[in-house]
Amino acid sequence: MEKLLADHRRQLGEFEIVEFVDEQEIANLRQKLDVPVPLELHWSWEYGSEIEELRALYERGKRGQWNAETDIDWSIPFPRDQWFVPRENALLLPTLLTMMGADEETCREAAFEEFAHLISQLLHGEQAALQLCGQLTNACPTIDQKFYAASQVADEARHVEVLAKFIERKLGMIYPIDPTLKVLLDRLLEAPTWKMKTLGMQTLFEGMAVAIFDQIVRAATNPLIKDILRRVQIDEARHAAFGVLTMRRVVQEATEEEMAEMEDFAFAILETLNANQQLDFLRQAAPKYGLDPEAVVQSLHAMPQWAQLNSEVYMHTVIPNLWRLGLITERTEEKYRRAGILWGDRLESRHELPLAS
Amino acid sequence: MGERVEVADDVGEPSSREKILDAAELLFAQRGFSGVGMREVAEAVGLSKSSLFHHFRSKVELYAAVAARILSVFEERTAEALTSPGDAFVRFDRWLEAMIETLAERPSRARLLLRSLFEDDDLAGESEEEKEVDEIIHRLFASVGRMLREGMEQGLFRLGSIPHLLQSLIGLLVYHFASGEFGETLLRQSLFSPAAVRKRKEEVKALLYCGVLAEPLRARVRTDVES
């Protein structure tokens with residue numbers, strides 16, 4: 001099985017991390033704006049609906065459109081010196097700093113920066129989704145898939161718009177894309193087939209997005225960001241549902257070899273994302289608060305409930321969906337568990353495939 | 001309700017223009033734009049219709065001038081309340097007092113303002129006078145909105161939608177003084193007596209402090225009141 005970013009890996013205690021330390025390399029990655037993408041375009045002459053549930057999802061998508069400029073009440077402030085999530089257990093830095101006895105202002109400032117970083121990465125991710133859905137509109141074989149992908153293109157443009165406006169109007173600071181995220185997103189964009197693209201973006205990244213948005217919406221106390229992310233989250237749930245519906249058909253028709261290839265691909269992406277353990281962010285922000293990035297990661301790993309906490313964002317949507325699709329087998333399950341991505345015993349029967357919305 | 005036309009005491013007789021505006025304000029407040037004729041206004045001031053048209057070329061112009069005059073008073077008092085020293089809460093408090101006093105001074109003000117919301121069919125908003133009215137409203141909302149935003153940003157007020165809060169404030173302040181007999185029946189007293197105005201101030205503040213102030217400030221105000 002291919003291990004992504006092999007030359008960026010090293011052991012940190014018992015855990016293998018992925019990290020970028022060469023600033024020039026990071027800068028080069030960020031400057032790589034042109035990505036050569038193999039794209040096979042398919043015409044379809046079947047204009048009637050062939051896949052009823054996808055057509056229904058497309059209808060739901062049309063009804064669910066909203067306007068990022070006029071439906072959001074931009075008059076609501078997002079003040080830098082007020083808490084917008086609880087001080088502890090919502091974001092990493094303020095939780096750690098509170099435990100270390102830092103004063104409230106320092107914790108609040110750290111929360112603001114960590115949030116700005118998170119929203120910035122989500123914004124870059126939304127741009128990748130926008131690009132990828134454009135590809136899907138071309139590459140998917142049926143008209144229902146094309147319709148749906150096209151409606152998602154509009155959703156993704158709106159998400160880019162709303163997050164960029166929030167950053168510009170309320171945060172006043174943006175973080176560039178993290179190198180690990182850039183490598184992984186490029187992987188999805190470069191994936192050779194529409195099936196791999198759908199698996200990568202719709203199942204893996206949209207599933208992650210649903211979980212992250214859900215966590216922030218639950219924790220947030222600022223009404224503006226709560227409203228924005230709640231709206232985005234509703235769209236994302238539809239996107240993740242498209243991933244499951246489409247992939248369900250794909251796996252039904254897949255050969256054993258193709259199944260193994262998809263299983264490995266999903267694991268490679270999620271494992272690499274997880275192996276970074278937020279080091280891309282911590283290297284930028286932690287030293288400002290007197291924290292050593294590696295020491296932060298190590299102290300987290302030393303916590304008895306580390307795997308439970310670490311797996312939360314994965315266990316929310318991605319892992320259950322992969323499990324139901326049969327894309328986690330005995331071959332990969334143990335590896336997911338060792339990486340702290342899969343935890344506990346609450347996966348449902350893989351024969352049931354409810355809509356992930 | 002004891003409506004009376006206020007005249008400028010110190011500067012001698014009010015000008016004809018002011019007399020016309022006073023009479024028109026009362027009439028428009030009672031019956032709305034379409035319920036009042038120019039002849040009626042002329043008769044109320046003791047002018048001929050043609051002399052009235054000498055001052056105001058049309059009923060729309062007269063109506064807009066009446067509205068602008070009322071709104072200018074609100075704008076002036078708002079500026080006084082909001083530019084005086086104090087944090088956003090102190091200024092908000094002072095502004096509420098000023099608005100209630102301004103509405104209580106002349107019963108026609110609240111009625112005309114409330115009625116004017118429903119005059120869309122007759123007023124196209126194209127004349128210079130109507131534009132002036134729009135501009136005053138715009139400036140008024142902008143300065144009150146700034147104070148509210150400042151209060152939210154300083155953590156004094158609950159974070160929320162500023163346009164919605166403005167809507168709520170208009171309803172809370174204007175409707176009461178425009179409610180006429182209905183309100184007086186409900187309250188079983190005049191809306192405009194000094195005691196009733198004082199009571200209104202207390203009620204409005206008590207309600208708004210629960211809905212607008214952020215929790216730490218609300219606790220502080222509660223303690224201040226109790227001690």
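In this structure, CZ in B:Phe157 is found 6.0 Å from CE in B:Met147, a value given to the nearest 0.5 Å. Here CG of A:Leu171 is found 4.5 Å from CZ of A:Phe166. Values are rounded to the nearest 0.5 Å. With rounding to the nearest 0.5 Å, the separation of CG in A:Asp280 from OG1 in A:Thr180 is 3.5 Å. Separating the NE2 atom in A:His159 from the CD atom in A:Gln152 is a distance of 8.5 Å, to the nearest 0.5 Å. Annotation: the span from B:Leu208 atom CG to B:Leu165 atom CG amounts to 7.5 Å, rounded to 0.5 Å.
Annotation: residues 110-123 of chain A contacts chain B through no residue [non-hydrogen atoms, separation under 4.5 Å].
Relative ring orientation between A:Tyr175 and A:Phe281 is described as perpendicular, the plane-to-plane angle rising above 60° on a 0-90° scale split at 30° and 60°.
Residues A:Gln65 and A:Arg158 meet the side-chain proximity criterion, which asks for heavy atoms closer than 4.5 Å. Here the side chains of A:Asp178 and A:Asn276 are not in contact, with every heavy-atom distance at 4.5 Å or above. Put simply, the side chain of B:Leu27 does not reach to within 4.5 Å of the side chain of B:Leu112, judged on heavy atoms.
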Check chain A against chain B and list any donor-acceptor pairs under 3.5 Å.
{"unit_1": "A:Asp73", "atom_1": "OD2", "unit_2": "B:Ser161", "atom_2": "OG", "d": "2.1"}
{"unit_1": "A:Ser75", "atom_1": "O", "unit_2": "B:Arg149", "atom_2": "NH1", "d": "3.3"}
{"unit_1": "A:Ser75", "atom_1": "OG", "unit_2": "B:Ile162", "atom_2": "N", "d": "2.8"}
{"unit_1": "A:Gln82", "atom_1": "NE2", "unit_2": "B:Met152", "atom_2": "O", "d": "2.5"}
{"unit_1": "A:Gln82", "atom_1": "NE2", "unit_2": "B:Glu153", "atom_2": "O", "d": "3.2"}

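Contact tally against chain A (heavy-atom pairs below 4.5 Å) for B:Gly160, B:Gly155, B:Ala214: the top residue is B:Gly160.
If you run side chain to side chain contact (heavy atoms under 4.5 Å, CB included) between A:Cys107 and each of A:Leu96, A:Leu93, A:Leu91, A:Thr98, only A:Thr98 comes through.
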